[in-house]
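Data block below; observations after.
The chain is numbered in sequence order, starting from 1.
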Amino acid sequence: MSLPIYVIGHKNPDTDSICAALALAELKRQTGINATAARLGTLNPETKFILDKLNVSMPVLLTTARSTLEEIEIDEAVTIEEGQTIRRAWDLCLENHVKTLYVVDDKNEYKGMVTLGDVSKVQMQDLNITSELLKETPLENLVASVKGSFILKGNLERSGFVRIADKRLMERDLKGAIMVLNDHEDSMIKSMAKGCAVIVVAENFVPNSYIIEMAKQMGVTLISTPYNIMKIIQMIYRSIPVELIMTPANKVIRFNKSEYVEDVEREMLKTRHSSYPVVFQNKILGSVARYNLLKAEKKRFILVDHNEKKQSISDIETADIVEIVDHHRIGDIETDRPIVFRNMIVGSSCTIVGLMYSEYGVKMPETIAKLIAYGMISDTMNFNSPTCTSIDHTLAKRLSSEYDIDFDAMAKELFENTATIRGKEFKNILYNDVKEYMLSGYHIAVSQVFTFDLSIVDEIKEDFLKYMEEQNKVHEYDLMLMVITNVEGRGSRFLYVGKLSYFVRDVVEEFKDQGFVSRKKQIVPRLAQELA
């Protein structure tokens, strides 16, 4: 089983990161690479509006880069019903080249585990132990094991001991014994007289009617089999049901399909079993051994719209990063080998993905072209952001011509339906799109949200600042800055808390006066300069 390459944007995904991930995953698939778009959080209303309008399914949600048992190749579990004989268990092990069988009931519920060693040990044990097992073994198992048939089914309690006819037959305690006899009917009569419970007759011999009637009167079971005496004795001990020798499920380490490979490996080190059951809702899904973990593939990722660990999926260090497509500053992502790293000074990651379609000579499907367009509109405020470049404008012009896309009409509809903070919970405003930075040793968080009407800021300012103070007590940022930006690029309003608040007061007023709208190109660089 080979996992796809996951194409992911950053945490708290915005429209550009989601649209870029969807478009790039499609490009990879069209070039023969098994790729799928994924997301690291809940979609914001703007992105959800776009996907609904284009009838595009949202990317799959991922919360960690670690692999689960469900995502790696494990072995097929060989199962056996709890009432089956250990002979059947032996045959299944040999037929399937396994040493472990998983025991299930008639509803396929997992009951326990039996190994080839468990089966072999039965015939090596003390007869007193084996006899206890045979006492509880159903007569049907005995018949099946010797490949025989009932001549007569009795009801006597068995001792579990297996006996044959010899010179001291009449001196032995045969009460409840399983007798293995040939065609000597005299031995059959003597055995029944001594209280035996079962007579297994070798080589398909059928006793006369007198003996059968005697057995019927005394409650003795008569079984006929084609095997000879030595084979019968061997097979009788293999008639014991596996449920009597299995290790019960509650005494065996089991793993759920959703457990992480690293955690499973740690648990395996506590025992020495060759394999372990993988279950879900008490049903056996497969069998996992150490070699499955050793050969397990790491998850592979293509990062879009970010290249910093804190913005990426949790446990990214456990995965393989195979490519990065971004338009932000170079961050701290490390890889153990060279990869394709596409970093461009453009207004949108979707712009880069749009260029890649041309470079690969792949025609964009119409839906992909619209996703690219929406990503560009969102990240450049319909090309009014200072981050916007001539490359963005050139691609937009080409998409407009080739796909008859009216960018202004798309932007107007999009912003009118999604760009408002009125009535939203403060949590959703503050954490809609937040990014963290280390600037001159200071821990800074800059959140940004877009709205048509900036006057709403005056209505919520006092309460929102109190909420920010509460949140900053939890996160302990040196500065927590909320940027509320006009969606058409006509300036921003700024709210901030933290111990640096007094120090940055003048520079934040400068942001407002100069109409700053870009976190990446204007706000963060100027903050970095001020804090240096």
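When side chains are defined from C-beta on, Met188 does not count as touching Asn182, because their heavy atoms never get closer than 4.5 Å. Within the 4.5 Å cutoff, the side chain of Leu142 has heavy atoms near those of the Ile223 side chain. Under the 4.5 Å side-chain criterion, counting only non-hydrogen atoms from C-beta, Gln84 is in contact with Glu81. Using a 4.5 Å heavy-atom cutoff, the side chains of His327 and Ile352 are in contact. The side-chain heavy atoms of Asp263 and Arg66, taken from C-beta on, include a pair separated by under 4.5 Å. For the pair Ser275 and Tyr102, the minimum side-chain heavy-atom distance is below 4.5 Å. Put simply, the side chain of Ile5 reaches to within 4.5 Å of the side chain of Val322, judged on heavy atoms.
Shown here are the side-chain hydrogen bond (donor to acceptor under 3.5 Å, both in side chains) partners of Tyr6, two or more places apart in sequence or in another chain: there are none. The ring pair (Phe, Tyr, Trp, His ring centres under 6.0 Å) check on Tyr374 picks up nothing, with sequence neighbours excluded. Contacts of Tyr477 classified as ring pair (Phe, Tyr, Trp, His ring centres under 6.0 Å), with partners at least two apart in sequence or in another chain: His443, His475. For the side-chain hydrogen bond (donor to acceptor under 3.5 Å, both in side chains) test, residues two or more places apart in sequence or in another chain that qualify with Asp166 are Arg172. Here Lys107 pairs with nothing under the side-chain hydrogen bond (donor to acceptor under 3.5 Å, both in side chains) rule; sequence neighbours left out.
Side chain to side chain, Asp433 and Asn12 fail the donor-acceptor criterion of an N or O pair below 3.5 Å. Side-chain contact check for Ser312 and His306: at least one donor-acceptor pair (N or O, by modelled atom type) lies under 3.5 Å. Side-chain contact, Thr318 with Asp315: no donor N or O sits under 3.5 Å from an acceptor N or O. For the 3.5 Å distance criterion, the side chains of Thr15 and Thr47 qualify, holding a donor opposite an acceptor. Side-chain N/O atoms of Ser349 and Asp305 include a donor and acceptor closer than 3.5 Å. Side-chain N/O atoms of Tyr291 and Asp75 include a donor and acceptor closer than 3.5 Å.
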Check against side chain to side chain contact (heavy atoms under 4.5 Å, CB included), Val264 and Glu267: CA-CA 5 Å; Val264 170; Glu267 282 298 309; 5.8 Å; no
Check against side chain to side chain contact (heavy atoms under 4.5 Å, CB included), Ile8 and Leu303: CA-CA 5 Å; Ile8 57 170; Leu303 310 186; 3.7 Å; yes
Arg254 vs Asn282, side-chain hydrogen bond (donor to acceptor under 3.5 Å, both in side chains): CA-CA, chis, key distance, verdict: CA-CA 10 Å; Arg254 73 173 84 179; Asn282 211 37; 3.1 Å; yes
Verdict with supporting geometry, Val201 and Ile199, side chain to side chain contact (heavy atoms under 4.5 Å, CB included): CA-CA 6 Å; Val201 187; Ile199 297 176; 3.8 Å; yes
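Open room surrounds NZ on Lys216; 12 or fewer heavy atoms of other groups in view lie less than 6.0 Å from it.
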Show me the side-chain donor-acceptor pairs of residues 156-165 shorter than 3.5 Å, one per line, residues at least two apart or across chains.
{"unit_1": "Arg158", "atom_1": "NH1", "unit_2": "Leu134", "atom_2": "O", "d": "2.9"}
{"unit_1": "Arg158", "atom_1": "NH1", "unit_2": "Thr137", "atom_2": "O", "d": "2.6"}
{"unit_1": "Arg158", "atom_1": "NH2", "unit_2": "Thr137", "atom_2": "O", "d": "2.8"}
{"unit_1": "Ser159", "atom_1": "OG", "unit_2": "Phe161", "atom_2": "N", "d": "3.2"}
{"unit_1": "Ser159", "atom_1": "OG", "unit_2": "Gly176", "atom_2": "O", "d": "3.2"}

Which side-chain N or O atoms in residues 233-251 pair as donor and acceptor under 3.5 Å with protein atoms at least two apart or in another chain?
{"unit_1": "Ser239", "atom_1": "OG", "unit_2": "Ile236", "atom_2": "O", "d": "2.5"}

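Within the structure, every pair that satisfies the salt bridge (Lys or Arg N to Asp or Glu O under 4.0 Å) test and touches residues 130-151, not counting sequence neighbours, is listed here: Glu132-Lys135, Glu140-Lys153. Applying the salt bridge (Lys or Arg N to Asp or Glu O under 4.0 Å) definition to pairs two or more places apart or across chains, those involving residues 29-43 are Glu26-Arg29. Residue pairs meeting the salt bridge (Lys or Arg N to Asp or Glu O under 4.0 Å) criterion with at least one partner in residues 191-200, sequence neighbours excluded, do not occur; the list is empty. Screening residues 171-222 for ring pair (Phe, Tyr, Trp, His ring centres under 6.0 Å), with sequence neighbours left out, gives no hits. For residues 173-190, the salt bridge (Lys or Arg N to Asp or Glu O under 4.0 Å) pairs, not counting sequence neighbours, are Asp186-Lys190.
At a threshold of 4.0 Å, the pair Lys370-Glu366 counts as salt-bridged, since one of the basic side-chain nitrogens sits closer than that to a carboxylate oxygen.
Of the possible polar contacts, one joining the Ser447 side chain to the Leu430 backbone as a donor-acceptor pair under 3.5 Å is found. Here the side chain of Asn292 pairs a donor or acceptor atom with the backbone of Ala289 at under 3.5 angstrom.
Exactly one residue among Val278, Thr68, Val279 makes a side-chain contact (heavy atoms from CB on, under 4.5 Å) with Lys257. That residue is Val278.
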